[in-house]
Amino acid sequence: MMMTRVFSGIQPSGNLTIGNYLGAMKNFVRLQHEADCLFCVVDLHAITVPQEPEALRENSRNLAALYIAAGIDPDKATVFIQSHVTAHAELGWILQCIAYYGELGRMTQFKDKSAQKEVVTAGLFTYPALMAADILLYQTGLVPVGEDQKQHLELTRDIAERFNNRFGQTFVVPEPYIPKFGGRIMSLENPEKKMSKSDESAGAYIAMLDEPDVIRKKISRAVTDSDREVRYDPDAKPAVSNLMTIYGMFTDMTMEQVEKHFAGQGYGPFKKELAEVVVDGLSPIQQRYRELIGSSEVDEVLRKGAQKAREMCAGTLADVKSKLGFVLA
Ligand code: TYM
């Protein structure tokens with residue numbers, strides 16, 4: 001039996017947060033044992049907004065190191081940089097010509113990211129077509145992502161079905177894999193807002209590489225709700241429920257268990273313990289990351305990963321070109 005193919009990507013835009021970790025990366029690590037996985041550093045996506053060249057180069061390599069530090073085994077999963085495999089840009093263009101202007105305009109992430117910006121690149125608008133290309137190139141069955149990528153996944157499915165209907169069976173239509181808990185970790189300063197690495201206020205997020213004391217400080221300052229009860233109720237107590245979700249995900253405890261554990265204790269002890277749980281959860285990753293970043297291991301993984309990815313997607317790209325009517329080179 002063929003193993004399920006899994007593909008996902010993260011943008012190398014610096015400061016990955018525990019939202020990225022709990023919503024996506026943690027599942028990458030889990031899935032590598034049961035599926036044939038590709039995990040990509042999506043630098044082509046990163047340049048849809050301005051990037052400092054040296055910072056982009058550094059962030060891309062750092063993200064690859066973080067994938068491995070978080071537990072992705074490069075002997076099991078394929079780790080690579082998107083721009084190393086030119087098929088992504090090629091199929092990305094082709095799918096821009098399959099996607100409709102109207103449907104791209106309905107993407108809430110585009111609306112959010114372009115709102116009040118003086119300069120909005122065309123790439124930011126067509127971004128989901130490139131994301132569809134990433135996924136469809138590998139006949140992906142499952143895409144582990146956070147809640148905010150759900151709409152892009154639906155568009156990917158529509159594009160795949162449209163192409164298949166028009167040109168004959170070409171792409172597997174992928175399913176999203178969104179965790180029930182942790183699919184949307186919220187800001188520590190405003191529980192109505194998603195935790196985001198691009199937040200202007202560093203107090204809103206915990207970066208995966210934040211120092212223990214920084215983590216403790218951010219959690220002690222995190223907003224809470226009016227009463228003093230550690231109770232899971234996302235509607236009435238969004239801030240505390242978010243902190244509880246983080247606690248539960250780092251300890252593998254259910255919300256009921258977390259409630260019981262902190263019954264009658266109030267926010268103070270809860271926050272203190274939460275900080276230690278996050279610090280303990282991240283410290284082995286941080287340690288491994290520091291070892292990796294100075295070694296050539298990452299570069300070797302990326303070289304091999306790109307080579308493997310190229311081989312894995314060549315057939316699909318050739319099939320697409322032939323079906324479209326391109327003269328074969
Ligand atoms: P990016 O780089 O913004 O985020 C990487 C992953 O982290 C998840 N995530 C969150 N999950 C829970 N709570 C949060 N607060 C939170 N913030 C971010 C995201 O949902 C994502 O899974 N377009 C994608 C990258 C991409 C991709 C792909 C993903 C490009 N091609 C193909 C899957 C398949 C993005 O910008 O993710």
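Fair warning: this is a prediction, and the values are worked out from it, not measured in the lab. Just follow the structure's listing: the first ligand is 1, and inside any ligand the first atom is 1.
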Gln82 versus Leu130: any side-chain heavy-atom pair under 4.5 Å? yes

With side-chain contact (heavy atoms from CB on, under 4.5 Å) as the criterion, how do Phe250 and Ile18 come out once you've worked through the C-alpha distance, each side chain's angles and the decisive distance to 0.1 Å? CA-CA 10 Å; Phe250 272 103; Ile18 57 167; 4.2 Å; yes

With heavy-atom distances below 4.0 Å as the criterion, list the atoms of ligand 1 near Gly183. 11 (N), 12 (C), 13 (N)

Measure the acute angle between the ring planes of Tyr127 and His152, then classify it against the limits of 30° and 60° as parallel, tilted or perpendicular. tilted

With heavy atoms under 4.0 Å as the rule, classify the contact between Lys197 and ligand 1 as side chain, backbone, both or neither. side chain

Is the cationic atom of Lys218 (NZ for Lys, CZ for Arg) positioned less than 6.0 Å from the six-membered ring centroid of Tyr205 and within 45 degrees of its normal? yes

Could you list which atoms of ligand 1 come closer than 4.0 Å to a heavy atom of Gly23? 11 (N), 12 (C)

Mark yes or no: Arg162 above the aromatic ring of Phe167, with NZ or CZ under 6.0 Å from the six-membered ring centre and no more than 45 degrees from the axis. no

Can you confirm whether or not the ring centre of Phe262 sits under 6.0 Å from the ring centre of Tyr247? yes

Would Val143 and Gln149 count as a side-chain contact (heavy atoms from CB on, under 4.5 Å) here? Give the steps. CA-CA 10 Å; Val143 186; Gln149 297 300 317; over 6 Å; no

Is Ile10 touching ligand 1 with its side chain, its backbone, both, or neither, if touching means heavy atoms under 4.0 Å apart? both

Residue, atom name and distance, where the atom is the protein heavy atom closest to atom 19 (C) of ligand 1: Asp148 OD1, 3.3 Å

Below 3.5 angstrom, do we get any N/O pair linking Asp134 and ligand 1? yes

Protein residue, atom and distance nearest to atom 22 (O) of ligand 1, heavy-atom basis: Gly146 N, 3.1 Å

Please classify the Gln11 to ligand 1 contact at 4.0 Å (heavy-atom distances, strictly less than): side chain, backbone, both or neither. both

Could you tell me whether Leu22 approaches ligand 1 through its side chain, its backbone, both or neither, with non-hydrogen atoms closer than 4.0 Å? neither

A student checking ligand 1 against Val143 at a 4.0 Å heavy-atom cut-off should list atoms 33 (C), 34 (C)

Regarding Lys308 and Thr78, is there a side-chain donor-to-acceptor distance under 3.5 Å anywhere? yes

Can you tell me which portion of Leu130 lies within the under-4.0 Å heavy-atom range of ligand 1? Options are side chain, backbone, both, or neither. neither

Report yes if some N/O of Met195 lies less than 3.5 Å from some N/O of ligand 1; otherwise report no. yes

Is Ser8 touching ligand 1 with its side chain, its backbone, both, or neither, if touching means heavy atoms under 4.0 Å apart? both

Quick test: of every protein heavy atom, which one is nearest to atom 37 (O) of ligand 1, and how far off is it to 0.1 Å? Gln149 NE2, 3.8 Å

Protein residue, atom and distance nearest to atom 10 (C) of ligand 1, heavy-atom basis: Gly19 O, 3.4 Å

The one among Thr48, Asp199, Ile185 that brings a heavy atom closest to atom 14 (C) of ligand 1: Ile185

Residue from Phe7, Tyr177, Tyr21, Phe39 passing ring pair (Phe, Tyr, Trp, His ring centres under 6.0 Å) with Phe28: Phe39

Would you mind checking which non-hydrogen protein atom is closest to atom 23 (N) of ligand 1, with the distance to 0.1 Å? Tyr127 OH, 2.7 Å

Report yes or no: do His261 and Glu273 form a side-chain donor-acceptor pair below 3.5 Å? yes

Could you give the distance from CG (Asn15) to CG (Leu63), rounded to the nearest 0.5 Å? 12.0 Å

Nearest protein heavy atom with distance in Å, relative to atom 26 (C) of ligand 1: Gly9 O, 3.8 Å

Look at Lys237 together with Asp227 and state whether they make a salt bridge at an N to O cut-off of under 4.0 Å. yes

Pro128 near ligand 1 by a heavy-atom separation under 4.0 Å: no

Just heavy atoms, cut-off under 4.0 Å: does Asn20 contact ligand 1 by side chain, backbone, both, or neither? both

